[in-house]
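Dropping a structure here in structure tokens format, bear with me for questions.
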Amino acid sequence: MPEYTSLEKIRLAKIETLRQEGYEPYPTRAERTHTSLEAVSAFEQAEKQSPAGQPPEVKATLVGRIRATRPMGKLTFAHIEDGTGRIQLFFRLNEIGQERVDFFNQRFDLGDFIQASGTLMRTRTGEVSLLVHDYKMLAKAVSPLPAAKDETLEDGTVVRHAALEDPELRARQRYADLAVNPDVRDTFRRRAATVRALREFLDERGFLEVETPILQPLYGGAAAKPFVTHHNELDQDMYLRISFELYLKRLLVGNLERVYEIGRDFRNEGVSFKHNPEFTQLEFYWAYADYLQVMELTEQMVAAVCRQVTGSPQVTYQGQLLDFTPPWQRMAMCDGILETSGIDIDAHPNADSLREAIVRAGKQADPAATRGKLIDFLLSEFLEPTLVQPTFLYDYPRDISPLAKSKPGDPLTVERFEGYVSGFELCNAFTELNDPLDQEQRFLEMGRDYDADDEQQHPMDKDYLRAMRYGMPPCGGFGLGVDRLVMLLTDKHSIREVLLFPHMRTGED
RNA sequence: GGGCGCGUAGCUCAACGGCAGAGCAGUGGCCUUUUAAGCCAUUGGUUGAGAGUUCGAAUCUCUCCGCGCUCACCA
């Protein structure tokens, strides 16, 4: 049983009183003729058609949550909020009598849901309001909402008072956050619009949306630690997927030429402003395309999505104007690293030599790291922070890209690119390796480069190799962090702000 | 996991070694066009939890819990 606060006890007592009075605080059905938005526009329409000086007669039944009350003795003003916005209710002695005005003031609280019917009108200050003739409670709120009061200044700017701001509380009690912070609702509408726009873009281009297993007997497709679980009846360990890649590429073997999936990945790793243990990923695979074609499709897709969601291919992110209009800047990764760090990775074909160069540049280098990992280090240390405008970095070292195809004539480099925006990685793509014998070698190499107990090593996926042996068309593959794209399109610094229920350590309750 | 910071009323915050406070919300009263309505009165606290130092701890120290920033980790 919860410990009730003094405020909650008062409200519980009101519920008790209502029931004793034969008044049901949680009735089963509600009625509504207009949303608050529809009511205002219906009234404004009617005003235009009615003769000057003649207020129109528009009746409405509205529902919503009480967000503010201003009792003034013989009349009371209240604002209710529904899914479309706010509208003012006007309770007046002349219409409903003192008793009904008092009943509202005594039994209703902020946060309660109410149904009110009456006539729309303008108050003296010109606000379209519902002059209430009848009302009833739809649902009593026991706990007070975390207060949020808006003050509209003369110049139209809205000042928030007593808003719910604590990031922990906001994330743990997202329902309360959503209830009092309308901009949070907008963020998640925008998130839905982003996902919808991605789907439309790919659907229009002949990509088939598919669903592949989340619960897998073997994980793969990325270098990440998986969550492990267990199937009791089969007595079999299973993994939550860390990527969709290996299953989607099996579908190319099956002659599905263009496939995509939008869904959840799970990685058992650190949590940060850009990492959540589960996150939403988009992957697509495109037969007969290479990474250059994927690059072009990517910039078109992101620009189109941005335009559809925000109305413009440009967006302001954390104070910087980002422009997704194609073509994006393209930069060979080795050139970018050379420019920003002064280290020419091509001049250091092995790990020891590269490590020495890094130490000479005054940075610490992991003595156990492979050449690929050292390059990855240079990338994040020097180059990444400089990549603010959308940029494709291309051509990656082979040994950190076990599923990508080598560049013709350059066995150390694979045809891979990553899209960077605002200093972080947004997407990752390559020309897919479709040679089953080469792929088997890569799995074996990865097995050697990592300790046997390092869960980041790519386990050998024999069924995947069997699929590839049936013949896999040459293809380009692509992955994009949907949460990060939503961050960019909603100007949010933290991934937690674009997840309804981000991962939190188990709390006190 | 390391470093730094934060945790005080339902919400937002003050008090920084000397009686734990304000605004909002709540409760009672006044008020027939308000909109953070106003005015008068008033309730509300194990200061995240525990231990220690001290005549005295919200304040200083330690441990723990949670959150934020940051580093590490991370395709």
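The chains referred to below are lettered A, B, ... by the order of the sequence lines, with proteins before strands, and numbering in each begins at 1. All values derive from a computational prediction rather than experimental measurement.
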Just to be sure I understand the rule, does A/I10 reach a base, reach only the sugar-phosphate, or reach nothing, if contact means heavy atoms closer than 4.0 Å?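 Touches sugar-phosphate only.
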
Measuring only the C1' atom in each nucleotide, how far is B/C4 from B/A72? A whole number of Å is fine.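 The answer is 15 Å between these two C1' atoms.
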
Using heavy atoms to find the nearest nucleotide of RNA chain B for A/A78 and A/E381 separately, return the residue whose nucleotide is more 5′.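 Nearer the 5' end of the strand: A/A78.
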
Any-strand Watson-Crick or G-U partner of B/A41, both distances under 3.5 Å: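 When the pairing criteria are applied, B/U27 turns out to be the nucleotide that pairs with B/A41.
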
Cation-pi check for A/Y135 against A/R100: NZ or CZ below 6.0 Å from the six-membered ring centre and within 45 degrees of the axis, yes or no?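 Yes; both conditions hold, so A/R100 lies above the ring face of A/Y135.
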
Mind checking who B/U54 pairs with, Watson-Crick or G-U wobble, both distances under 3.5 Å?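 Its partner: none found.
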
Using purine N1 to pyrimidine N3 plus N6-O4 or O6-N4 for Watson-Crick, or N1-O2 and O6-N3 for G-U wobble, each under 3.5 Å, what pairs with B/C64?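 Check on B/C64: paired to B/G48, both distances under 3.5 Å.
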
Distance check needed: B/C67 P versus A/Q173 CD, whole Å only.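 Rounding to the nearest Å, CD of A/Q173 and P of B/C67 are 14 Å apart.
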
Any strand is fair game: report the nucleotide pairing with B/C13 by Watson-Crick or G-U wobble, both distances under 3.5 Å, or none.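 Paired with B/C13, as far as the under-3.5 Å criterion goes, is B/G21.
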
Looking only at side-chain atoms of A/R172, point me to the closest of B/U32, B/G66, B/A75.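 Out of B/U32, B/G66, B/A75, the nucleotide with an atom closest to A/R172's side chain is B/G66.
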
Selection from B/C74, B/A25, B/C69 that lies nearest to any side-chain heavy atom of A/L7: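 Side chain of A/L7 sits closest to B/A25.
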
For the side chain of A/H275, starting at C-beta, report the closest nucleotide among B/U33, B/G10, B/C74.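 Nucleotide nearest to A/H275's side chain: B/C74.
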
Side chain of A/R124, heavy atoms from C-beta onward: which of B/U33, B/G44, B/U27 has the nearest atom to it?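 Between B/U33, B/G44, B/U27, the one nearest the side chain of A/R124 would be B/U33.
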
Using the P atom in both, what is the distance from B/C19 to B/G56, to the nearest Å?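 It works out to 15 Å between them.
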
Taking the P atom in each of B/A20 and B/G45, what is the distance between them to the nearest angstrom?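 Straight-line distance between the two P atoms is 14 Å.
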
Strand partner of B/C69, provided both Watson-Crick or wobble distances fall under 3.5 Å: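 Matched B/C69 with B/G3 under the 3.5 Å cut-off.
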
Between B/U33, B/C69, B/C74, spot the one nearest the side chain of A/E269, thanks.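 From the listed options, B/C74 comes nearest.
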
State which of B/U32, B/U33, B/G10 makes the closest approach to the side chain of A/L75.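 Taking heavy atoms from C-beta onward, the closest nucleotide is B/U32.
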
For A/Y4 and B/U43, what is the distance between atoms OH and C1' respectively, to the nearest whole Å?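 One finds 21 Å between C1' of B/U43 and OH of A/Y4, rounded.
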
Nearest to the side chain of A/T123, heavy atoms from C-beta on, is which of B/U34, B/G10, B/C73?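 For the A/T123 side chain, the nearest candidate turns out to be B/U34.
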
Where the side chain of A/R92 is defined as all heavy atoms beyond and including C-beta, which of B/U33, B/C11, B/G44 is the nearest nucleotide?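 Minimum distance to the A/R92 side chain belongs to B/U33.
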
Report, as yes or no, whether the 6.0 Å neighbourhood of atom CD on A/E99 holds more than 12 heavy atoms from other residues, nucleotides or ligands.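 Atom CD in A/E99 is not crowded, with 12 or fewer foreign heavy atoms closer than 6.0 Å.
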
A/F478 vs A/F417 aromatic rings, parallel, tilted or perpendicular, using cut-offs 30° and 60°?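 Tilted: the ring planes of A/F478 and A/F417 meet at 30° to 60°.
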
Using a heavy-atom cut-off of 4.0 Å across all strands, would you classify A/R11 as base, sugar-phosphate, or nothing?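 A/R11: no heavy atom of the nucleic acid under 4.0 Å.
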
What's the gap between B/U59 and B/G48 when it is taken at their C1' atoms, as a whole Å value?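 Result for the C1' pair: 16 Å, nearest Å.
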
Proximity to the side chain of A/M72 - top-ranked nucleotide from B/U33, B/U27, B/G10: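 Comparing B/U33, B/U27, B/G10 against the side chain of A/M72, the answer is B/U33.
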
Selected nucleotide, minimal atom distance to A/R496 side chain, candidates B/U33, B/G10, B/C67: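 That would be B/C67.
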
Pick the closest RNA chain B nucleotide for A/F108 and for A/S6 by heavy atoms, then say which residue is nearer the 5' end.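 Whichever sits nearer the 5' end wins; that is A/F108.
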
Give a yes or no on whether a salt bridge exists between A/R92 and A/E95, defined as a side-chain N under 4.0 angstrom from a carboxylate O.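 Salt bridge: yes.
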
Side chains of A/Y291 and A/D395, donor plus acceptor under 3.5 Å: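 A pair is found: one side chain offers a donor N or O, the other an acceptor, under 3.5 Å apart.
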
State whether A/K249 and A/E432 are salt-bridged, where the test is any N-O pair (Lys NZ or Arg NE/NH1/NH2 against Asp/Glu carboxylate O) under 4.0 Å.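 Result for this pair is yes, salt bridge flagged.
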
Please confirm whether the shortest side-chain N or O distance from A/R70 to OP1 or OP2 of B/A37 is below 4.0 Å.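 Answer yes for this pair, as a side-chain N or O of A/R70 is under 4.0 Å from OP1 or OP2.
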
